[in-house]
Visitor: 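To start, I am sharing the structure in question, which I have written as structure tokens.
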Amino acid sequence: MRATTAIVGLLPMAIFGESGNGLGDVSMSIAVSVGLALCTVFTAFVVPPSYTLIDDFTQWLRTVWTRALA
């Protein structure tokens with residue numbers, strides 16, 4: 001929720017932020033908004049399957065190791 005609030009809060013500056021020297025502010029707000037959105041999606045959809053794959057791989061290695069020792 002914090003990332004969503006920050007993204008929504010930065011959108012007006014990213015879209016309508018044209019002032020005298022606002023080029024840096026517009027670029028920064030776009031970069032921060034996109035970074036927060038990508039990190040949120042990455043954390044929600046990439047990290048859990050990665051942990052599952054690592055856990056499955058360790059269980060497979062454990063099975064192979066116990067069969068090799070037997």
Side-chain angles (χ1 to χ4, degrees):
M1 276 179 74
R2 285 187 236 174
T4 305
T5 305
I7 292 167
V8 171
L10 287 170
L11 280 178
M13 186 189 313
I15 296 170
F16 306 112
E18 296 181 23
S19 61
N21 59 358
L23 184 61
D25 295 337
V26 171
S27 300
M28 181 187 65
S29 64
I30 291 170
V32 171
S33 297
V34 171
L36 282 171
L38 288 177
C39 288
T40 301
V41 169
F42 182 80
T43 302
F45 296 111
V46 175
V47 172
S50 299
Y51 281 131
T52 302
L53 288 173
I54 291 170
D55 185 49
D56 291 345
F57 182 68
T58 56
Q59 288 179 356
W60 177 77
L61 278 178
R62 193 174 297 132
T63 303
V64 169
W65 184 257
T66 54
R67 286 182 183 172
L69 291 178

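Model, not experiment: these values are computed from the prediction. Note that the numbering runs from 1 along the sequence shown for the chain.
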Visitor: To check you understand the geometry: which heavy-atom pair defines the closest contact between Met13 and Val26, and what is its length?
Guide: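 That would be O-CG2, 3.8 Å.
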
Visitor: Which heavy atom of Pro49 sits nearest a heavy atom of Val46, and at what distance?
Guide: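 Residues Pro49 and Val46, closest heavy atoms: CD-O, 3.4 Å.
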
Visitor: As a test of understanding, state which of Asp55, Asp56, Leu61 forms a side chain to side chain contact (heavy atoms under 4.5 Å, CB included) with Thr58.
Guide: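 With Thr58 as partner, Asp55, Asp56, Leu61 yield a single side chain to side chain contact (heavy atoms under 4.5 Å, CB included), made by Asp55.
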
Visitor: Is Ile30 reachable from Leu38 through a run of hydrophobic residues whose side-chain heavy atoms are each under 4.5 Å from the next?
Guide: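 Leu38 and Ile30: one cluster.
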
Visitor: If hydrophobic clusters are built by linking Ile, Leu, Val, Met, Phe, Trp and Tyr wherever their side-chain heavy atoms come under 4.5 Å apart, do Tyr51 and Phe42 end up in the same one?
Guide: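 Result: yes, single cluster for both.
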
Visitor: To the nearest 0.5 Å, what is the distance between CD1 on Ile15 and CG on Leu10?
Guide: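 With rounding to 0.5 Å, CD1 (Ile15) is 11.0 Å from CG (Leu10).
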
Visitor: Rounded at 0.5 Å granularity, tell me how far OG in Ser33 sits from CE in Met28.
Guide: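 Rounded to the nearest 0.5 Å, the OG-CE separation comes out at 9.5 Å.
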
Visitor: Is there a chain of hydrophobic side chains (I, L, V, M, F, W, Y, each step under 4.5 Å between heavy atoms) that links Val64 to Phe57?
Guide: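 Same cluster.
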
Visitor: So which atom in Ala3 and which in Thr40 form the shortest heavy-atom distance, rounded to 0.1 Å?
Guide: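 Of all heavy-atom pairs spanning Ala3 and Thr40, the closest is CB-OG1, 3.5 Å.
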
